Amino acid sequence: MPLTRLEITDFRNLAAIALEPLSTGFNLLYGYNGSGKTSLLEAIYYLSLGRSFRSGAVGRIIRHTADKFCIFAQSAANGEQCIPIGIERQQQGDGKIRISGRDAQSVSELADLTPVQLINSHCYSLLDAGPVFRRKYLDWGIFYLNNDFLRIWRDYEQVLKQRNAGLRSRRPRKELDAWSEELANKAVLLDQARREYILSLLPILNDTVAELLAFPNLEIRYQPGWDDAVPYREILANFYEKDCLIGYTQNGPHRADLKITINGVVAKDILSRGQQKLFVCAMILAQGVLLKRCVNKAPIYLIDDLPAELDTVSRSKLITLLSKQDTQIFVTAVERDALSDVLSKLPLKMFHVEHGNVTEVI
Ligand SMILES: Nc1ncnc2c1ncn2[C@@H]1O[C@H](COP(=O)(O)OP(=O)(O)OP(=O)(O)O)[C@@H](O)[C@H]1O
Ligand SMILES: [Mg+2]
């Protein structure tokens, strides 16, 4: 659900700001380096996920002279009643999450209410870093569509930990076989959820990529984390000795990946920097389209430094595609002119960010 009002106190250099962003359309935040643009996106992200995409330490996030930060928002679906949500964190790590005037049980309640999708320079990792980023990408999408997924994922991770601990401490074969059996049961569920998700996502992803880039023979293939010509139970049995030797489980959904190739060559080795950015944006936007289609819940997009690496044609294509999402979008740029032309014909609010203050430009 979009945010209709946002108040941030003592978060990074944002001492006390309040803004009323556009619910459907673009919110352009512009200002010089160090003015607080990324911090503002970071605060919205924190409000959704209870963590930062930068430093993990809360002490780094709280404004230097303060002892806690607060983020408060009114969140409302089109024409529906506003839901007040808020998060507060203290130096010592204590914190509170409030939804509609009550304490929330967990961060996932917030995430469920206001899903956000972040696009920043770290997103290149989706293409050029290890599989963990692509697994997180997959799992983000499944989490919002499949109510059982968090439990399935946690169950698998827990059993995996126990099997690995057993392997390291050289527990008897009988005991390890029991863990292997349990792990195989959990792995099937996790793999199944990922396969189902990929099946729904791929057609949308192919269309989205095609709107931004013209690359024939693009292939995105799911790899479950083991040679799936062989049932996972058998793989665990076949690798038993090797697993014992190195002290962890080598195969399984914790090694899953998405193989992205163009003409059979890994995409990151072919695409230019700007093309990589467009590709990654397409991947992220495709998830949003699927989410909206399946559960009518469009994520809020946070796009840090949208103009970076993109020429004017690419910027325009990306913005056109974003505008079709029919959702709330926060975009940052150092120079207002880098985007104001292409955005001027679209629903837009502009905010000037300066030394931690935010003013709406009318
Ligand atoms: N805990 C903190 N307390 C106060 N200021 C902080 C804190 N953490 C970071 N800052 C400062 O906040 C400012 C805003 O940083 P931010 O990354 O939001 O800037 P930005 O507008 O995104 O800049 P750029 O255009 O360079 O990306 C920086 O000057 C940074 O040093
Ligand atoms: Mg920044």
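Since we're looking at a predicted model, the values are computed, not measured. Start at 1 and go down the list; that is how both ligands and their atoms are numbered. When a residue number appears, it is its place in the shown sequence, counting from 1.
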Distance-only donor-acceptor check, side chains Thr249 and Arg255, under 3.5 Å: no
Any non-hydrogen protein atom less than 4.0 Å away from atom 26 (O) of ligand 1: yes
For atom 8 (N) of ligand 1, the protein heavy atom that lies nearest, with its residue and separation: Arg12 CD, 3.3 Å
Atoms of ligand 1 close to Tyr32 [distance to a heavy atom under 4.0 angstrom, numbered from 1]: 21 (O)
Location of contacts on Glu354 toward ligand 1, heavy atoms closer than 4.0 Å: neither
Any side-chain heavy-atom pair of Asn357 and Thr359 under 4.5 Å: no
ILVMFWY network linking Phe53 to Leu29, side-chain heavy atoms under 4.5 angstrom: yes
Proximal candidate to atom 29 (O) of ligand 1 [heavy atom criterion; set Gly34, Ala66, Ala15]: Gly34
Qualifying residue, where the test is side-chain hydrogen bond (donor to acceptor under 3.5 Å, both in side chains) with Tyr156 and the options are Lys186, Lys161, His254: His254
Atom 11 (C) of ligand 1: nearest protein contact (heavy atom, Å): Asn13 CB, 4.1 Å
Backbone or side-chain N or O of Arg63 under 3.5 Å from ligand 1 N or O: no
N, O or S of Thr38 under 2.8 Å from the Mg ion (ligand 2): yes
Those atoms of ligand 1 less than 4.0 Å from some heavy atom in Thr38: 17 (O), 18 (O), 20 (P), 22 (O), 27 (O)
Lys349, NZ atom: more than 12 neighbouring heavy atoms under 6.0 Å: yes
Enumerated ligand 1 atoms positioned under 4.0 Å from heavy atoms of Ser39: 14 (C), 15 (O), 16 (P), 18 (O)
Identity and distance of the protein heavy atom lying nearest atom 2 (C) of ligand 1: His64 CE1, 3.3 Å
Gly31 N/O under 3.5 Å from ligand 1 N/O: no
Cation over ring face, Arg54 and Tyr45, 6.0 Å, 45°: no
Arg173 NZ/CZ over Tyr240 ring centroid, <6.0 Å and within 45° of normal: yes
Proximal ligand 1 atoms for Ile61, defined as those under 4.0 Å from one of its heavy atoms: 1 (N)
Ile62 neighbourhood, listing ligand 1 atoms whose heavy-atom distance to it stays under 4.0 Å: 1 (N), 2 (C), 3 (N)
Distance flag, aromatic centroids of Tyr197 and Phe149, threshold under 6.0 Å: no
Sub-4.0 Å heavy-atom contact, Arg54 with ligand 1: yes
More than 12 heavy atoms of other groups within 6.0 Å of Gln81 CD: no
Nearest protein heavy atom with distance in Å, relative to atom 1 (N) of ligand 1: Arg60 O, 2.7 Å
Pairwise side-chain contact, Asp305 with Ser121, heavy-atom cut-off 4.5 Å (strictly under): no
